[in-house]
Amino acid sequence: LQAFGYTYDEVIGKKAIDFLTNDTQKAYYDLRKKFIQDGEIKNLEGQAVKKNGDTVDLLMSSKISFDESGVPSQTMTFLIDITDKKQAEEQIQLDSDILKNMVEGVSLIGYEDNTIKYTNQIFETMFGYGPGELIGKHVSIVNYHDSLGLLEEIMHIIRKEGTWKGEIKNRKKDNTVF
């Protein structure tokens, strides 16, 4: 009642499906035969409409109770609001798409172990590596040997100040220095 903004009197006598969006109702009805046959639906994703008109992303599970003669007598439905989870997943996907499509080379280096955790395609191409080839390697694999002392200095500055900006000599897979 609190999550959807309804009063007790507004929901009593209604079916849970009455509060679902049209698309979710359709998905539910498409599964109805299987629902009755199996006696339950587990983890159906859908949307419901709050009293104020807002939609909520849901994870639904329903179970049918049968009477003594085997006729369905009632259902019990559990609804979990996964709106925040869905929004977080969408943001992660957007962030991932942005990183993949940037025109700059991007890498993510582990704070503690200095290993490469992520590279976008531009970074891989820039250094002459194939997709995923750098993942798990120490960042020194792309640093020119004269710059290794600088790597420790850079990491010290990042740990202290949170960021570092500057130039460093790098090397490609074929050992070309740039």
Under 3.5 Å: donor-acceptor pair, side chain of R171, backbone of N143: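 Between the backbone of N143 and the side chain of R171 there is a qualifying donor-acceptor contact (under 3.5 Å).
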T24 backbone acceptor or donor facing Q47 side chain under 3.5 Å: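 It does not hold such a pair.
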Could you list the donor-acceptor pairs under 3.5 angstrom formed by side chains in residues 100-112, with sequence neighbours left out?
| unit_1 | atom_1 | unit_2 | atom_2 | d |
| --- | --- | --- | --- | --- |
| N101 | ND2 | D97 | O | 2.7 |

Salt bridge (Lys or Arg N to Asp or Glu O under 4.0 Å) against D38, all qualifying residues, sequence neighbours excluded: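 Result, salt bridge (Lys or Arg N to Asp or Glu O under 4.0 Å) vs D38: K34.
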For K137, all residues meeting side-chain hydrogen bond (donor to acceptor under 3.5 Å, both in side chains), sequence neighbours excluded: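 K137: no side-chain hydrogen bond (donor to acceptor under 3.5 Å, both in side chains) contacts found.
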side-chain hydrogen bond (donor to acceptor under 3.5 Å, both in side chains) involving S69 - partner list, sequence neighbours excluded: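 For S69 the side-chain hydrogen bond (donor to acceptor under 3.5 Å, both in side chains) partners, ignoring immediate neighbours, are D67.
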What distance separates [X] [atom1] from [Y] [atom2], expressed to the nearest 0.5 Å?
{"X": "H156", "Y": "E161", "atom1": "NE2", "atom2": "CD", "answer": "8.5 Å"}
{"X": "Y144", "Y": "L150", "atom1": "OH", "atom2": "CG", "answer": "13.5 Å"}
{"X": "T7", "Y": "K51", "atom1": "OG1", "atom2": "NZ", "answer": "5.5 Å"}

Flag for D23-T21: side-chain donor and acceptor within less than 3.5 Å: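 No.
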Polar side chain donor-acceptor pair, S65 to K63, under 3.5 angstrom: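 No, K63 and S65 have no side-chain donor paired with an acceptor closer than 3.5 Å.
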Co-members of I64 in a cluster of I, L, V, M, F, W and Y side chains, linked at under 4.5 Å: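 In the cluster with I64 are L1, F4, Y6, Y8, V11, I12, I17, F19, L20, Y28, Y29, L31, F35, I36, I41, L44, V56, L58, M60, F66, L79.
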Residue pairs, two or more places apart or on separate chains, that pass side-chain hydrogen bond (donor to acceptor under 3.5 Å, both in side chains) and touch residues 77-87: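 Residue pairs passing side-chain hydrogen bond (donor to acceptor under 3.5 Å, both in side chains), neighbours aside: E45-K86, S62-T77, D81-T83, K85-E89.
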